Every structure is written in C-alpha cells, then in structure tokens.
Chemist: 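Just dropping this structure here.
Basis for what follows: all heavy atoms, side chains included, without hydrogens, waters or symmetry-related copies. Because the structure is predicted, anything quoted here is derived from the model rather than measured. Positions are given from 1 along the sequence.
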Amino acid sequence: MTEISITKAKENLYQIVSDVNEYSQPIIIINNRGKNAVLISEDDWLAIQETLYINSIPGMTESILESRDEDISECTSYNPNEGGKCSMHMDAL
C-alpha cells in the first residue's frame, strides 16, 4: 500500500483522490502524531460495507459458496420455501 505524509496529502489532495478512485488502491496517510489514516474510494468503501453486511447474515456465506455448484439451468423460479435450491429468478439474469 502506498504511504504519503499528511503534508503531501494536503498539497495533492485532488490528485490523490483521483488516483484512489481510478486505480482502486488505498493510500495510507501518515500523521507525525502517530495516528494514521487510510484513504479509499467510495466504491471500495461501499463494497466493504456490503461484504461485511452479507457476512453478518448467519449462513449467507455458506449459501453463496454452495450455490456455485448449482446448475444454472435448474434455477428457473424462486421459491422461498424451497430450502436452499436456487435463490434467483431467471428474469433477474
């Protein structure tokens, strides 16, 4: 991860924000008082939040991983009472 001093970050803030968004690479901003920060793009932050949310739902990660083995041709309709068999409707594809 790239590191930059807080002074340099202030001098080049527009370019740093642009780079973080373009390359999706976080930047550590070094503070001389020992409390650093990490700058990430909004898209990356939202993706992290979504991942944390999904991981907080009991059984969701396992369900997603198990679904990789399902034949997509069998996913023709959504039935919430089906108990784990194909959780999307073909119209959603």
Chemist: Going from CD on E3 to NZ on K8, what distance comes out if it is rounded to the nearest 0.5 angstrom?
Modeler: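 Atom-to-atom, E3:CD and K8:NZ are 15.0 Å apart.
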
Chemist: Do T51 side-chain atoms and A47 backbone N/O form a donor-acceptor pair below 3.5 Å?
Modeler: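 Checked: pair present.
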
Chemist: Could you give me the CA-CA distance, side-chain angles and deciding distance for I48 and I40, then say whether side-chain contact (heavy atoms from CB on, under 4.5 Å) is met?
Modeler: CA-CA 10 Å; I48 290 167; I40 61 173; 3.9 Å; yes

Chemist: Distance from K35 atom NZ to I6 atom CD1, nearest 0.5 Å?
Modeler: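 Here the interatomic distance stands at 13.5 Å.
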
Chemist: Counting heavy atoms not belonging to E42, are there more than 12 under 6.0 Å from its CD?
Modeler: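 No.
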
Chemist: With a 4.5 Å cut-off on side-chain heavy-atom distances among I, L, V, M, F, W and Y, is there a chain of contacts connecting I54 to L46?
Modeler: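 I54 does not cluster with L46.
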
Chemist: Nearest 0.5 Å, please: how far is CG in N31 from CG in N36?
Modeler: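 One finds 6.5 Å between CG of N36 and CG of N31.
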
Chemist: Tell me if a side-chain donor or acceptor on N21 pairs with a main-chain N or O of S41 at a distance below 3.5 Å.
Modeler: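 No, because the side chain of N21 does not come within donor-acceptor range (under 3.5 Å) of the backbone of S41.
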
Chemist: Residues two or more places apart in sequence or in another chain: which of them pass side chain to side chain contact (heavy atoms under 4.5 Å, CB included) with L39?
Modeler: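 If we apply the side chain to side chain contact (heavy atoms under 4.5 Å, CB included) test to L39, skipping adjacent residues, the hits are I16, V17, V20, I29.
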
Chemist: Over all heavy atoms of both residues, which pair between V38 and M1 is shortest? Give the atoms and the distance, please.
Modeler: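 Where V38 meets M1 most closely, the heavy atoms are CG1-SD, 4.3 Å.
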
Chemist: Quick one: pull up CE in M60 and OH in Y53 and give me the separation to the nearest 0.5 Å.
Modeler: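 Between M60 CE and Y53 OH, I get 7.5 Å after rounding to 0.5 Å.
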
Chemist: Atom CG of D44 and atom CD of Q25: how far apart are they, to the nearest 0.5 Å?
Modeler: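 So the gap between those two atoms works out to 8.5 Å.
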
Chemist: Please name the pair of heavy atoms, one in I30 and one in I28, separated by the smallest distance, quoted to 0.1 Å.
Modeler: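 The answer is CD1-CG2, 3.5 Å.
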
Chemist: Would you compute the distance between atom OG of S63 and atom CZ of R68 and round it to the nearest 0.5 angstrom?
Modeler: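 Rounded to the nearest 0.5 Å, the OG-CZ separation comes out at 12.0 Å.
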
Chemist: Just so I know, are the side chains of D19 and T2 near enough to count as touching, which here means a heavy-atom distance under 4.5 Å?
Modeler: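 D19 does not reach T2 side chain to side chain.
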
